[in-house]
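See structure below.
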Number of protein chains: 2
Amino acid sequence: MSEIDERPSTLRPTRQRLAITDALRAGVDFQSAQEIHDSLRHAGEKVGLATVYRTLQAMADAGDVDVRHNPAGETTYRRCSTSHHHHLVCRSCGRTVEITGSAVEKWAHSIGDEHGFIDVSHTVELVGLCAECAALPAN
Amino acid sequence: MSEIDERPSTLRPTRQRLAITDALRAGVDFQSAQEIHDSLRHAGEKVGLATVYRTLQAMADAGDVDVRHNPAGETTYRRCSTSHHHHLVCRSCGRTVEITGSAVEKWAHSIGDEHGFIDVSHTVELVGLCAECAALPAN
DNA sequence: TTAATTGCAAATCCTTTGCAGATTC
DNA sequence: GAATCTGCAAAGGATTTGCAATTAA
């Protein structure tokens with residue numbers, strides 16, 4: 001009764017899939033299926049939106065890309081092993097600062113080891129009030 | 001041209017809002033608007049779904065609750081200051097381990113300070129492959 | 001009384017699915 | 001030729017919005 005793995009034994013390197021892989025490689029950070037679809041369209045590659053969704057999902061299942069959700073509620077994808085960074089976002093004005101924290105990287109890794117998990121990736125998001133917004137009278 | 005703060009100056013403590021606050025307090029972890037709506041309904045409180053959405057959104061804007069997205073893509077809320085923990089999830093079987101990491105808490109805080117942010121909350125999610133799934137031949 | 005709040009239903013937006021035709025092996 | 005993939009359009013599900021009625025201050 002345990003359905004753990006459902007991937008088809010073959011994954012065909014079609015034009016569409018290669019294009020999507022390229023788009024992921026071109027993007028620096030997480031991108032939504034819609035963004036990738038647009039990006040492909042602008043690049044002259046014609047790929048159906050449904051195909052983009054299906055492919056990204058398959059890649060995520062296979063562990064080839066990391067998944068997260070952006071504030072807009074979209075599911076976003078990023079190829080693994082991209083130079084890794086996080087964001088510190090102001091909850092009032094949306095100002096964003098990029099963070100590179102080797103400290104968390106190590107922490108994530110050691111937690112994984114501790115529980116017998118391998119191949120651990122992580123997602124971190126810091127949300128706070130930036131100095132400017134904190135200074136506003138309304139706050 | 002800078003619309004930074006749009007909150008109405010008054011936030012009325014209506015029956016609905018109090019009920020939603022209670023529901024948040026009752027829940028141990030992140031809950032979606034729909035879950036809270038159900039929970040209220042079962043508790044005998046009649047509150048419109050739209051109201052739940054609007055209220056949670058307002059609370060999030062005000063910084064009274066933390067927001068995250070669950071794997072299903074739903075937006076979920078948790079009152080701030082709940083005993084804080086994170087999750088380590090197996091990307092294959094979904095097995096979940098709760099993590100309490102004071103290390104990250106401190107890290108998040110110091111990063112905030114470093115950039116002049118106050119009132120910094122954070123969201124962390126670790127995704128990996130658990131020992132059991134890693135042992136499966138298919139993987 | 002006025003401004004904020006609510007409920008309902010309609011409207012949006014993102015994502016998934018059914019299915020026939022195209023494609024890869 | 002068989003198993004996969006694609007695209008399109010329809011279907012689903014979550015969230016938002018318009019608007020008239022209701023309620024708190």
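As the structure is a prediction and not an experimental result, all values here were calculated from the model.
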> In terms of hydrophobic clustering (I, L, V, M, F, W, Y; side-chain heavy atoms under 4.5 Å; direct or indirect links), are A/F30 and A/V65 co-clustered?
Replying inline: no
>> Rounded to whole Å, how long is the line connecting atom CG of B/D38 with atom P of D/dT15?
In response: 12 Å
> Which residue, B/T14 or A/G48, contacts DNA chain D at a nucleotide closer to its 5' end, judged by nearest heavy atom?
Replying inline: A/G48
> Over how many whole Å does the gap from B/D61 atom CG to C/dA4 atom C1' extend?
Replying inline: 16 Å
> Rounded to the Å, how far apart are B/H37 NE2 and D/dG13 P?
Replying inline: 17 Å
> Can a donor-acceptor pair be found between the side chains of A/D29 and A/H87 at a distance below 3.5 Å?
Replying inline: yes
> Whole Å only: how far is the CG atom of B/L49 from the P atom of D/dA14?
Replying inline: 10 Å
> When we call it a touch if two heavy atoms are under 4.0 Å apart, what does A/T75 touch: a base, just sugar-phosphate, or nothing?
Replying inline: sugar-phosphate
> B/Q57 side chain: which of C/dT6, D/dG7, D/dT15 is closest?
Replying inline: D/dT15
> Side-chain donor-acceptor pair under 3.5 Å between A/D66 and A/S121, yes or no?
Replying inline: yes
> Cluster question for you: counting only ILVMFWY and a side-chain heavy-atom cut-off of under 4.5 Å, with indirect links fine, are A/V120 and B/V97 together?
Replying inline: yes
> Any idea which of C/dC25, D/dT15, C/dT6 is nearest the B/Y53 side chain?
Replying inline: D/dT15
>> So, does A/Q16 get its side chain near the phosphate of D/dG7, meaning an N or O under 4.0 Å from OP1 or OP2?
In response: yes
> Mapping A/T76 and A/R54 to their closest nucleotides on DNA chain C, which lands nearer the 5' end?
Replying inline: A/T76
>> Take a 6.0 Å sphere around NE2 of B/H109 and say whether it holds more than 12 heavy atoms from other residues, nucleotides or ligands.
In response: no
> To the nearest 10 degrees, what angle separates the axes at the start and end of the helix from C/dT1-D/dA25 to C/dC25-D/dG1, five pairs each?
Replying inline: 40°
> Which part of the nucleic acid, if any, lies within reach of A/Q34 when heavy atoms closer than 4.0 Å are counted: base, sugar-phosphate only, or nothing?
Replying inline: base
>> What is the distance, to the nearest angstrom, from the CZ atom on A/R15 to the C1' atom on C/dT24?
In response: 14 Å
> Is there a donor and acceptor pair closer than 3.5 Å between the side chain of B/R12 and the base of D/dA25?
Replying inline: no
> Side chains of B/Q57 and B/Y77: is there a donor and an acceptor less than 3.5 Å apart?
Replying inline: no
> Rounded to whole angstroms, how far apart are CD on B/Q31 and P on D/dA14?
Replying inline: 16 Å
> Within this structure, what is the CD-to-P distance between A/E74 and C/dT12, rounded to whole angstrom?
Replying inline: 18 Å
>> Among residues at least two apart in sequence or on other chains, which ones pass side chain to side chain contact (heavy atoms under 4.5 Å, CB included) with A/V124?
In response: A/H86, A/V104, A/H122, A/L126, B/W107, B/V124
> A/L18 CG to C/dT24 C1': how many Å, rounded?
Replying inline: 12 Å
>> Which nucleotide wins on minimum distance to the side chain of B/A50, given the candidates D/dT6, C/dC8, D/dT15?
In response: C/dC8
